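Note sheet for the following structure.
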Amino acid sequence: MAEPLIYELSVPGREGAKPPQLDVPPAELPVDLLREELPLPEASEVDVVRHFTRLSHLNYSLDEGMYPLGSCTMKYNPKVNEVAARMPGFTGLHPLQSEETVQGALYLMYHLQEAIQKIGGFAGVTLQPAAGAHGELTGVLIMQKYHLDRGETQRDTILVPDSAHGTNPASTNMCGLRTVQVPSDERGNVDLDALQSLVGEHVVGLMLTNPNTLGLFDENLEEIIALVHGCGGLVYGDGANMSALLGVMRPGEAGIDVMHFNLHKTFSTPHGGGGPGSGPVGVVERLVDFLPGPVVAQDAELSDDEAPYFTFVTPPKSIGPVKSFWGHFGVLARAHTYIRMLGDEGMKRVAEHAVLNANYLLSRIKDVYPLPYDRICMHEFVVAGHFAEAPGVRALDIAKRLIDYGLHPPTNYFPLIVHEALMMEPTETESQQSIDAYADILLKIAEEARTHPEVLHDAPHHTPVRRLDEVRAARQPVLRYRREA
Amino acid sequence: MKIDPNARYVKTHEWARKEGDLFVIGISDYAQSTLSDIVYVELPEVEDEVISGEQFGVVESVKAAADVFASLSGEVVAINEALEDAPEVVNSDAFGEGWLIKIKASDETEWDALLTPEDYAKVIEAEAE
């Protein structure tokens, strides 16, 4: 390995930091908690700084290049978001401060709730959930409590299409409900006949991702929603990625009852290792009373010339808090900034360019990479990473070879309904030049697959660590360093 | 792609074979090949009930985690404990040493409704396209 472990840099007796002088009386630790040996690395400050700086150089980030991970929405994170989130008036707050001393923060939360309501066509929003899957859990709990409140205790099933994110059945399971899978039809839509046979009085609701994970807008959305509502069920919208719909369509108005929004995807807040995430949930009128509490409300009693006053309110039938304090406030500040910077017109342009960019990339490669569902896509698309003329090459080989060209691979092996899936989402923040450069390399790799397949099998060639042994890592995971005896 | 001529199949790629008064259930060679390297197999416990068409376990590969479904209803009388330490046996011998569970069927006529090796070959062919 190019960079040793910090333990391997350790030299006995070397130190980089001294704790301050003890200013309280020393206390004896319980004997059973004392250790004979504490094998921590010993290194100087300069050793530590250089070690982690070298590691950071091995990283690949959005600030370096295109990152077209389908379903992940790695759009560029504007730096102005950071400016807003780091304002001292926000960073100096304590979560236990009284309402009247945090009116600025409450103003921001209130207006972010309003903005998400407007974008989604919803009547109420909670900002608490800490991530997308947490938003799903919150949404399913709300649906469950809605039915229980109506005395419909027999409803125990959530319908989930086979193209869904794996988190949908997981969230269902976390709520003690049963998942029943709905197949897709040959155009990649939810199979209406199958759905018809699965709805009934046992159904809590359907979890629908639209556009789905194939990047396709379901052509039967109205019929799907009517079928689920017809049996008394609710429709959950997995809004993990809203980029294609911003300013174009309001899911709440189309009949979606509950939906989570990933601020760390659609609304450009840091993502992956740079998180944390945030997964606000919007609901229609009949579910507002069940939202987690508290939400931020504006005091209506004030006259026009008084400054608005914001306050925390817990909805009457709330499922309770789903997160300590008020959610990931720093992330909310970034998302709020993103929305305000774009405005109504900018929002719509995000959607238009997200869809245009995905279709442009698709059109550049679709004659070479097999396209299982040949339709106009939304913000992302799925092709197959194998070629009839190169039967030994798999999607993983293509992904690894992209790394050799200094590019981040797309999502692979998801969704599961496409063999050797490569799922690409260029996002609206990429220029035509960067998409062209990516497409050129994809075409070049497809050519290599035919002429020099071994180059792909052995990729990556130019990284500090070559192809990882994923099988051994999964079968015999070694999750922590142990000093050799 | 191997297909065991003595087994019967379901569309979700599990096989069942009659052995004495028991039925052995596993995943097909096509299924293991599609999943690629299998790293973990989760099985029910002996004496658990399995229901035809319903999930009874999970097979996890480096690519995906796939539910496995019972081809017949009945009571589990044995599970393949060797897979805990050596899940790769499902890759190398899906119809033999890589079996998953043995059940005592509650209704043996369910066997007759399963896909014949010839019909199953057509299912694979259609999927591979």
Side-chain angles (χ1 to χ4, degrees), chain A residues 157 160 162-170 172-173 178-181 183-184 186 191 194 197-198 213 370-374 384-386 388 391-400 411-423 457 467-478, chain B residues 1 10-14 27-44 49-70 80-94 97-98 123-129:
Chain A
T157 302
V160 178
D162 59 5
S163 61
H165 297 116
T167 45
N168 289 181
T172 302
N173 200 37
R178 230 160 55 95
T179 305
V180 172
Q181 187 167 297
S184 303
E186 72 284 352
D191 187 324
S197 70
L198 293 171
T213 61
L371 179 64
Y373 299 92
D374 191 359
H386 68 82
V393 169
R394 308 185 91 161
L396 187 67
D397 302 318
I398 296 165
K400 296 295 184 193
T411 299
N412 54 48
Y413 299 117
F414 183 82
L416 304 175
I417 56 173
V418 173
H419 290 299
E420 300 297 323
L422 287 173
M423 183 190 205
H457 292 310
R467 181 82 64 109
L468 300 175
D469 187 347
E470 292 179 33
V471 178
R472 198 168 146 227
R475 284 181 186 154
Q476 303 165 339
V478 178
Chain B
M1 208 66 65
V10 285
K11 276 187 182 162
T12 47
H13 306 292
E14 291 82 5
I27 67 166
S28 71
D29 193 45
Y30 173 79
Q32 72 75 18
S33 142
T34 309
L35 280 167
S36 79
D37 292 296
I38 290 164
V39 294
Y40 181 68
V41 179
E42 184 183 303
L43 296 175
E49 289 289 320
V50 296
I51 299 166
S52 132
E54 295 205 0
Q55 183 203 346
F56 72 83
V58 180
V59 174
E60 197 176 319
S61 76
V62 286
K63 268 165 58 173
D67 291 343
V68 275
F69 299 89
N80 190 350
E81 285 171 4
L83 300 181
E84 193 176 336
D85 290 328
E88 62 272 21
V89 176
V90 180
N91 290 119
S92 57
D93 193 8
E97 294 295 309
V123 171
I124 300 181
E125 209 172 300
E127 250 191 49
E129 271 170 20

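Protein chains get the first letters and strands the later ones, always in sequence-line order, with residue 1 at the start of each. Please read these numbers as outputs of a predicted model, since none were measured by experiment.
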Next item on the list: Could you please state which residues from residues 28-35 of chain B sit under 4.5 angstrom from chain A, measuring non-hydrogen atom to non-hydrogen atom, sorted by number, or 'none'?
Entry: B:Tyr30, B:Ser33, B:Thr34

Next item on the list: Output all residues satisfying side chain to side chain contact (heavy atoms under 4.5 Å, CB included) with A:Glu470, sequence neighbours left out; order by chain, then residue number.
Entry: A:Leu396, A:Lys400, B:Val62

Checklist line | Lys/Arg N to Asp/Glu carboxylate O, A:Asp397 vs A:Arg467, below 4.0 Å | finding: yes

Margin query: Going by the rule salt bridge (charged side-chain N to carboxylate O under 4.0 Å, His left out), which residues pair with A:Arg472 if we only count those two or more places apart in sequence or in a different chain?
Written below: none

Note to self: Enumerate the side chain to side chain donor-acceptor pair (under 3.5 Å) contacts for residues 57-68 of chain B, please, sequence neighbours excluded, ordered by first and then second residue.
What the structure shows: A:Glu420-B:Lys63, B:Gln55-B:Asp67

Next item on the list: Please check if atom CD in B:Glu49 has more than 12 non-hydrogen atoms from other residues, nucleotides or ligands closer than 6.0 Å.
Entry: yes

Checklist line | Under 3.5 Å donor-acceptor, A:Ser163 side chain and A:Thr213 backbone | finding: no

